[in-house]
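Just so it is clear, the structure is predicted and the values come from calculations on it, not from any experiment. Note that the numbering runs from 1 along the sequence shown for the chain.
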Amino acid sequence: MKNTLINYVEFKAHDLASIKTFYYQTFGWIFTDYGSTYVAFSESGLEGGFEKTEDPIINGALVVLYHENLEDIQNQVIEAGGKISKDIFSFPGGRRFHFLDPAGNELAIWSDK
């Protein structure tokens, strides 16, 4: 994987079963469940996932970039004027953090390292 390229897109959903049915029937996407609150998808052109939420969904998409060294890229984000909205945390398959760009858009960067 190359550093700083868009690697994944994550959406929010209230009902994972119905969202899986919709995207499978409509577009043929394939799903992998990770517990009861997350499902990943493939065969869509860009891999991604749906996170279950009870909150209202206003902007449900999260663009996720890849970088092999989270600490280094997190420092670069901060130095360039970004604000960390969710510090580095682990999840099945790796670690990631979220940040806000100067316009207030939230993105994430993950690593499998």
Side-chain angles (χ1 to χ4, degrees):
M1 285 183 263
K2 291 187 174 183
N3 289 334
T4 66
L5 296 181
I6 295 174
N7 177 259
Y8 199 82
V9 63
E10 194 168 272
F11 299 96
K12 303 284 186 186
H14 294 128
D15 181 341
L16 295 181
S18 68
I19 207 74
K20 289 183 342 185
T21 299
F22 173 82
Y23 282 98
Y24 175 75
Q25 287 180 350
T26 309
F27 305 116
W29 293 6
I30 305 299
F31 293 91
T32 303
D33 293 325
Y34 291 95
S36 62
T37 61
Y38 197 85
V39 60
F41 61 80
S42 58
E43 304 299 321
S44 66
L46 177 67
E47 292 189 7
F50 289 93
E51 179 183 26
K52 183 174 174 58
T53 183
E54 300 301 324
D55 297 332
I57 300 171
I58 297 167
N59 180 6
L62 177 69
V63 173
V64 182
L65 293 84
Y66 175 85
H67 199 281
E68 63 189 5
N69 189 316
L70 285 184
E71 289 76 14
D72 282 353
I73 193 65
Q74 184 179 48
N75 287 333
Q76 290 177 37
V77 165
I78 294 167
E79 288 172 14
K83 294 186 177 19
I84 303 305
S85 56
K86 196 179 283 189
D87 207 2
I88 295 173
F89 64 94
S90 296
F91 65 93
R95 302 179 308 135
R96 79 182 195 195
F97 70 92
H98 295 204
F99 68 95
L100 301 175
D101 70 12
N105 297 299
E106 185 173 33
L107 290 87
I109 302 178
W110 85 283
S111 180
D112 54 354
K113 311 247 183 283

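Atom CG of residue N69 and atom CG of residue N75 lie 9.0 Å apart, to the nearest 0.5 angstrom. In this structure, CD1 in I109 is found 8.0 Å from OG1 in T4, a value given to the nearest 0.5 Å. Going from atom OG1 of T32 over to atom OH of Y38 covers 10.5 Å, rounded to the nearest 0.5 Å. Summarising the geometry, atom CZ belonging to F41 is positioned 13.5 Å from atom NZ belonging to K20; distances are rounded to the nearest 0.5 Å. Atom OG1 of T37 and atom CG of L16 lie 7.5 Å apart (nearest 0.5 Å). The CD1 atom of I19 sits 10.5 Å away from atom NE2 of H14, with the distance rounded to the nearest 0.5 Å.
Under the 3.5 Å distance criterion, the side-chain polar atoms of H98 are left unmatched by any main-chain donor or acceptor of I88. Under the 3.5 Å distance criterion, the side-chain polar atoms of S111 are matched with a main-chain donor or acceptor of H67. Judged by distance alone, with hydrogens and angles left aside, the side-chain atoms of K86 form no donor-acceptor pair with the main-chain N or O of F97 at under 3.5 Å. In terms of modelled atom types and a separation under 3.5 Å, the side chain of Y34 and the main chain of V39 share no donor-acceptor contact.
A salt bridge does not link E10 with K12: every distance from a Lys NZ or Arg NE/NH1/NH2 to an Asp or Glu carboxylate oxygen is 4.0 Å or more.
Note on I73: it clusters hydrophobically with V63, by side-chain heavy-atom contacts below 4.5 Å among ILVMFWY residues. Put simply, V9 and W110 are part of two different groups of oily side chains (I, L, V, M, F, W, Y) that touch within less than 4.5 Å, one to the next. Taken together through direct or relayed side-chain contacts under 4.5 Å among Ile, Leu, Val, Met, Phe, Trp and Tyr, V77 and Y8 form parts of separate hydrophobic clusters.
Taking the side chain as every heavy atom from C-beta outward, E51 and L62 never approach each other to under 4.5 Å. Between L46 and I6 there is a side-chain heavy-atom pair separated by less than 4.5 Å. Side-chain contact between R96 and F89 is present, with heavy atoms from C-beta onward closer than 4.5 Å. With contacts defined as side-chain heavy-atom distances shorter than 4.5 Å, the pair Y66/L5 does not qualify.
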Exercise answer: donor-acceptor pairs, residues 23-31 side-chain atoms, under 3.5 Å, sequence neighbours excluded:
residue	atom	partner	partner atom	Å
T26	OG1	F22	O	2.7

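Annotation for G81 and P102: closest pair O-CG, 4.4 Å, computed over non-hydrogen atoms.
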Practice problem: Given side chain to side chain contact (heavy atoms under 4.5 Å, CB included), test F11 with I57 step by step and report yes or no. | Solution: CA-CA 9 Å; F11 299 96; I57 300 171; over 6 Å; no

